[in-house]
Undergrad: 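Take a look at the following structure, please.
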Protein chains: 2
Amino acid sequence: MPACRIPNIIGFQTMGEAWLMAITLDDVAKLAGVSRSAVSRTFTDGASVSSKMRRKVEKAASELGYSPNFLARSLTTRRTKLIGLVSDNFHNPLFLEVFDQFTRGLQDRGLRPLLVNLSVETDAESSARMLQQYSVDGVIVASSTLPPAFSKTFRDAGVPVVNSFGRYSSDPDMHIVGIDNIECGRMAAHELLNRGYKNIGFLGGPEPATSTQDRFTGFQNELQKHPEAVLSYSFSEAYSFDAGRKEMQRLLRGASHAEAYFCGDDVLSIGALSAIKEAGLNVPSDIGIIGLNDMQMSGWQNINLTTIRQPIAQIINASIELMVSMLEKPDRYPEARVFPCAVIERGTLRAPQEN
Amino acid sequence: MPACRIPNIIGFQTMGEAWLMAITLDDVAKLAGVSRSAVSRTFTDGASVSSKMRRKVEKAASELGYSPNFLARSLTTRRTKLIGLVSDNFHNPLFLEVFDQFTRGLQDRGLRPLLVNLSVETDAESSARMLQQYSVDGVIVASSTLPPAFSKTFRDAGVPVVNSFGRYSSDPDMHIVGIDNIECGRMAAHELLNRGYKNIGFLGGPEPATSTQDRFTGFQNELQKHPEAVLSYSFSEAYSFDAGRKEMQRLLRGASHAEAYFCGDDVLSIGALSAIKEAGLNVPSDIGIIGLNDMQMSGWQNINLTTIRQPIAQIINASIELMVSMLEKPDRYPEARVFPCAVIERGTLRAPQEN
DNA sequence: GAAGGTTTTGCAACCGGTTGCAAAAATGTT
DNA sequence: AACATTTTTGCAACCGGTTGCAAAACCTTC
């Protein structure tokens, strides 16, 4: 029995092995000479205990180094304070910021993120079942690419769910917080037109993703108002550097490329920028690029990407807020929270033209 | 009681509210007309049940959509399959890869990562207590900057812990997996000397971090063998782009800067590269840079950083492996696993000199 | 078909907590 | 001091599972 294993061994022997036993409620009750309920009550807030009792119990508890077992507690309270944090964006640098803020925000509210990495093969059903088996209080689905049906799996399993970075809908059937991708597309188009670009390209993320579709729709709509503008478009395989680079290389090999591109995402944009530079062309003099997200890296001076900022801090705060309110009121009416995006001007688009 | 809330409502009424009740063992037992233990046994592998019984139970279970509650189970089995994944590196892009691989690796083994974001203010004790309250089976501390004492808090609380990306020690007092930072420092110095650089700089990460210290030690040692070489050194405030950029700006403003720098980390290197470019200097013709980590971004064509690869996949696999083996044998002898690093040649150092 | 061995099953206690209820103690009122 | 009221406390049942043990059921074998 190594000495380092103090403080608390109420050791018991099995197969010649000493095990570290956790201190339980009973141990404290015994030491303090009070009932189990008394101990329980001093550790659940809102319960009635006299100050004498509380002192006695707390003394015994601290002497033994006791702290209550949350999981055992959850059995009767039906609250684990565990929140499933589900995502499939483990390759987009933006999501490190997202995870950072989610974990911090949840922790600040006494909630614990159970992280689920949804790789392609893992199916919705099994993740949902697993999260149910762990009795999570709720699930936050943080992804702009997962189909809406995914979140519904959780909802149908009776678990409060908020869909973060999901598709905006005017008639949401579950909590959803994010941006209006159609509006973003429009904004990007407007920005490009405003700077006098005529031959304009849309370099989207994965075609099936709703975020890609919506951005394209908005982009198209805006361009249609300007008959002088020429639209070309294509999609990349993923929201990744390589995909963006590859697609831009393909475009540059073609007969003629656009004067400026709206890329589906910053990391895609950075890939495209790399391809442009490799081809010996300059940004913004030869080709303009506008991205979307404004991840930290985009502001780095050697990247300096003009982009549309997605207010992730607000999205995350709102998501957590909605989750917390759902925990209190599970049948809360589904709500969509949409945050406005804004163009962040840096160095990859030419200056606005006077015309 | 909304229709979407099927499949399973054994509804009960409270304050006029319908609640979704989880299906329990008892429900299944009742429906199948068998004992509770029978149901329990069909769902715990290694238990003896006749095939008849199993069929009966499984039929009833699937009819009700039952799956066992892991947390209740954990009360008697003393296994939650929850693993605390603790880190303070939520700003280094490398760690997105780290989280991706950790979560996937743990999931593949049926373990669940409970993510803990250790911001500066949160203290070790309280995180340790919290993880204990959730009865995690083990804790993986993934950080190259946290002091070793931190991991010891968990160990002293009786929780199996492996320190990933931690400081190598020839006499480890807990499981530790990572690289030999002294050797890395040496390797960097050797590489720079080999390329004929004479005036050589060490641009370290945060000075107090053991990883910084060790890299510096190795770097220094190697340089001492070459009296013709001149060493200068400084430290940045953090492993971040901004810190690297700022420090390099400071160096460039100085009377004379080194011909080549070993930066404590890739993201630091990228910041330094940015500063160099902004100053109108070229890499590698004016200044050489070698980083450490080889995160994905370093291979991007527009960054193309020569660096020392830290084999994160192997480190993570080994960490998980050690954790799994500790779960089976908690008093396993502490072990240090050290993986070799290798120089990845790209475009930020000049070619080796023949001399 | 009975004896003997093996497997399957159910009972009941337990894991570490919480909580409704009634008894006990403390407090207030006259 | 006697009584009514409020607060505090302990008992015992419960949350949703697991498991040691003994009884029951099933196989062999003679």
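To find a chain, count down the sequence lines: A is the first, B the second, and so on, and within it residues start at 1.
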Undergrad: Taking only residues two or more places apart in sequence, or in another chain, which ones meet B:D100 in a salt bridge (charged side-chain N to carboxylate O under 4.0 Å, His left out)?
TA: B:R104
Undergrad: Rounded to the nearest Å, what distance is computed from the CG atom of residue B:L75 to the C1' atom of nucleotide D:dT19?
TA: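 Distance, rounded to whole Å: 14 Å.
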Undergrad: What is the distance from CG of B:D26 to P of C:dC11, rounded to the nearest Å?
TA: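 Distance, rounded to whole Å: 12 Å.
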Undergrad: Would you say B:Y66 reaches D:dG17's phosphate, i.e. side-chain N/O to OP1/OP2 under 4.0 Å?
TA: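 True: B:Y66 side-chain N/O within range (under 4.0 Å) of D:dG17 OP1/OP2.
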Undergrad: Apply ring-ring contact (aromatic ring centres under 6.0 Å, His included) to A:F102 and list each qualifying residue two or more places apart in sequence or on a separate chain.
TA: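 In terms of ring-ring contact (aromatic ring centres under 6.0 Å, His included), with neighbours along the sequence ignored, A:F102 is linked to no residue.
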Undergrad: Any side-chain heavy atom of A:N69 within less than 4.5 Å of one from B:Y134?
TA: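 No. Closest side-chain heavy atoms not under 4.5 Å.
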Undergrad: Please report, rounded to the nearest Å, how far the C1' atom of D:dC15 is from the CZ atom of B:R73.
TA: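 So the CZ-C1' distance, B:R73 to D:dC15, works out to 16 Å.
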Undergrad: Got a donor-acceptor contact below 3.5 angstrom from the A:R79 side chain to the A:L327 backbone?
TA: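 Yes.
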Undergrad: On DNA chain C, does the nearest nucleotide to B:A72 precede the nearest nucleotide to A:S74 from the 5' side, or the other way round? Give the residue.
TA: B:A72
Undergrad: To the nearest Å, how far apart are A:N69 CG and D:dC15 C1'?
TA: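 One finds 13 Å between C1' of D:dC15 and CG of A:N69, rounded.
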Undergrad: Rounded to the nearest angstrom, tell me the gap between atom CG in B:L64 and atom P in D:dG16.
TA: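 That distance rounds to 14 Å.
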Undergrad: Select one nucleotide: of C:dG16, D:dC15, D:dT19, the one nearest the side-chain heavy atoms of B:T77.
TA: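 The closest nucleotide is D:dT19.
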Undergrad: Does OP1 or OP2 of D:dC15 have a side-chain N or O of A:T76 closer than 4.0 Å?
TA: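 Result: no.
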Undergrad: Kindly write out the residues that satisfy side-chain hydrogen bond (donor to acceptor under 3.5 Å, both in side chains) with A:T153, not counting sequence neighbours, or none if the list is empty.
TA: none
Undergrad: What is the distance, rounded to the nearest whole Å, between atom NZ of A:K81 and atom C1' of C:dG17?
TA: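 It works out to 16 Å between those atoms.
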Undergrad: Using the test side-chain hydrogen bond (donor to acceptor under 3.5 Å, both in side chains), find all partners of A:S48 that sit at least two apart in sequence or belong to another chain.
TA: none
Undergrad: Describe, as an angle rounded to 10 degrees, how the axis at the first end of the helix from C:dG1-D:dC30 to C:dT30-D:dA1 is tilted relative to the axis at the last end, five pairs per end.
TA: 30°
Undergrad: Compile the donor-acceptor pairs under 3.5 Å between side chains in residues 135-142 of chain A and protein atoms, sequence neighbours left out, one pair per line.
TA:
| residue | atom | partner | partner atom | Å |
| --- | --- | --- | --- | --- |
| A:D137 | OD1 | A:T80 | N | 3.0 |
| A:D137 | OD1 | A:T80 | OG1 | 3.3 |
| A:D137 | OD2 | A:T80 | N | 3.3 |
| A:D137 | OD2 | A:K81 | N | 2.7 |

Undergrad: Table please: side-chain donor-acceptor pairs of residues 37-44 of chain A below 3.5 Å, with sequence neighbours left out.
TA:
| residue | atom | partner | partner atom | Å |
| --- | --- | --- | --- | --- |
| A:T42 | OG1 | A:V39 | O | 2.8 |

Undergrad: NA contact type, A:T44, heavy-atom cut-off 4.0 Å: base, sugar-phosphate, or nothing?
TA: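 Result for A:T44 = sugar-phosphate.
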Undergrad: In whole angstrom, give the distance that lies between atom CD of B:Q132 and atom C1' of C:dG16.
TA: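 Rounding to the nearest Å, CD of B:Q132 and C1' of C:dG16 are 14 Å apart.
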Undergrad: Name all residues meeting the salt bridge (charged side-chain N to carboxylate O under 4.0 Å, His left out) criterion together with A:R54; count only those two or more places apart in sequence or in a different chain, and write none if there are none.
TA: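 Per chain and number, A:R54 pairs via salt bridge (charged side-chain N to carboxylate O under 4.0 Å, His left out) with A:E58.
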Undergrad: Go along nucleotides 5-10 of chain C 5' to 3' and tag each nucleotide: B for a protein heavy atom under 4.0 Å from its base, S when only backbone or sugar atoms are that close, - otherwise.
TA: ---SBB
Undergrad: Rounding to an integer number of Å, can you tell me how far A:R78 CZ sits from C:dT18 P?
TA: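 After rounding, the reported distance stands at 14 Å.
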